[in-house]
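One structure is given here, and the rest of the page talks about it.
Residue numbers start at 1 and run along the sequence shown. Start at 1 and go down the list; that is how both ligands and their atoms are numbered.
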Amino acid sequence: MKMWIFAVLAALAVGASAQNCPSTCETMKWGTCDGPPCSCYLLVDNGVKQPINCTALVPKCFLMKAEMYRARKGMNTRSIAGKPDETAIVDNDGIYDPECESDGKFKAKQCNGTDVCWCVNSAGVRRTDKGDQNLKCEKLVETHWVRLQLTHKQGPATVDKDKLKTAISTELNKRYQMNPSLVKEIQYDPDARMIVVDVNKGKGDRSYDLSKMAYYMEKDVKILPLFNDQSRRFTPSVDGQTLEMENIVVYYVDEEAPTITMKHLTGGIIAVIVVVVLAVVAGLLAVFFVQKRQRKYKKTQQREMEQM
Ligand SMILES: *[C@@H]1O[C@H](CO)[C@@H](O)[C@H](O)[C@H]1NC(C)=O
Ligand SMILES: *[C@@H]1O[C@H](CO)[C@@H](O)[C@H](O)[C@H]1NC(C)=O
């Protein structure tokens, strides 16, 4: 009799847990959940299931792996590319297939499946020059400060700077589960519609991973939300007015200065330099021809005057 009751209870429990298993993953649109026992995962590498927690932001390292998986499979990913500190770095390298620790942290040394390796910070951003496989990365250096340089779209009314700080802290908390007290400073230029947000947890603090917040936010602003709900984005609200963002640049400041050298100019910078040089040359030529024509004009005028 007892056995029988246990069996019924067990069956009920299995049924209940199957029902409780959501079909979608709240914090990751590419996540899948199934069971029992209910578990949610992302597909990475060659179809390996990486378990994730769909009630918390997913570590950036897992997100990048999932993005690389989808890119390899030809699935839709849509991916992209005033410093807060002398040592701040921007992620110019873009996406690679990272090696993650089991808890989702980046391994300090990354090689993208090739012989070329480099060291990254806790946001997975390269902080050394590239080297070969013998490169040593002693430890993962923590990014303790990120500067979010946002541009918002034109709204109907001007925005009050003091209220902006509260609005942004509140939205960062609601959307990215971030402690609002980490927002240390906000600068605002209404003419440029630029908001500069400094999120700084101080050196030594490991309680919140700034890279998750920055990555989710970058996607929210530049591409599409990583959340399952595609209808909302990062939209702080000031005095009932919702601010929509149109661009973001993220600067990363690490607890130790990066050792990256500037000797390799990136293609983008070289292109800009070439364009500027061409523009200057074109300008000089234009001035030269105008002057020459004016001189000719003056001469003919003089000649006509003399004839008269
Ligand atoms: C998932 O994340 C939530 C929110 O951060 C946390 O409360 C919960 O303990 C996590 N679950 C697991 C299994 O780690
Ligand atoms: C990593 O490798 C992929 C393809 O193998 C490539 O598309 C990508 O640009 C590489 N990323 C970096 C940062 O080297």
Does ligand 2 have a heavy atom under 4.0 Å from the side chain of Ile95, from its backbone, from both, or from neither? backbone

Nearest neighbour in protein (non-hydrogen) for [atom]:
atom	result
atom 5 (O) of ligand 1	Ala56 CB, 3.7 Å
atom 4 (C) of ligand 2	Met68 CE, 4.4 Å
atom 3 (C) of ligand 1	Thr55 OG1, 3.4 Å

Verify atom 14 (O) of ligand 2: protein non-hydrogen atom under 4.0 angstrom away: yes

Can a protein heavy atom be found under 4.0 Å away from atom 9 (O) of ligand 1? no

Short list, please: which atoms of ligand 2 are under 4.0 Å from a heavy atom of Asn112? 1 (C), 2 (O), 3 (C), 8 (C), 10 (C), 11 (N), 12 (C), 14 (O)

Report yes or no: does Thr151 contribute a side-chain atom to a donor-acceptor pair with the main-chain N or O of Glu246 at less than 3.5 Å? no

Under a 3.5 Å distance rule, please check whether Thr27 uses its side chain to pair with a backbone N or O of Ala56 as donor and acceptor. yes

Taking the two cysteines Cys54 and Cys25, decide whether their SG atoms are closer than 2.5 angstrom. yes

Which atom of Trp30 lies closest to which atom of Ala66, heavy atoms considered: CE3-CB, 4.4 Å

Evaluate side chain to side chain donor-acceptor pair (under 3.5 Å) for Asn179 paired with Ser181, printing each intermediate quantity in order. CA-CA 5 Å; Asn179 181 346; Ser181 71; 3.0 Å; yes

The option among Asn53, Leu57, Thr27 carrying the non-hydrogen atom nearest to atom 6 (C) of ligand 1 is Asn53

Residues two or more places apart in sequence or in another chain: which of them pass salt bridge (charged side-chain N to carboxylate O under 4.0 Å, His left out) with Lys105? Asp103

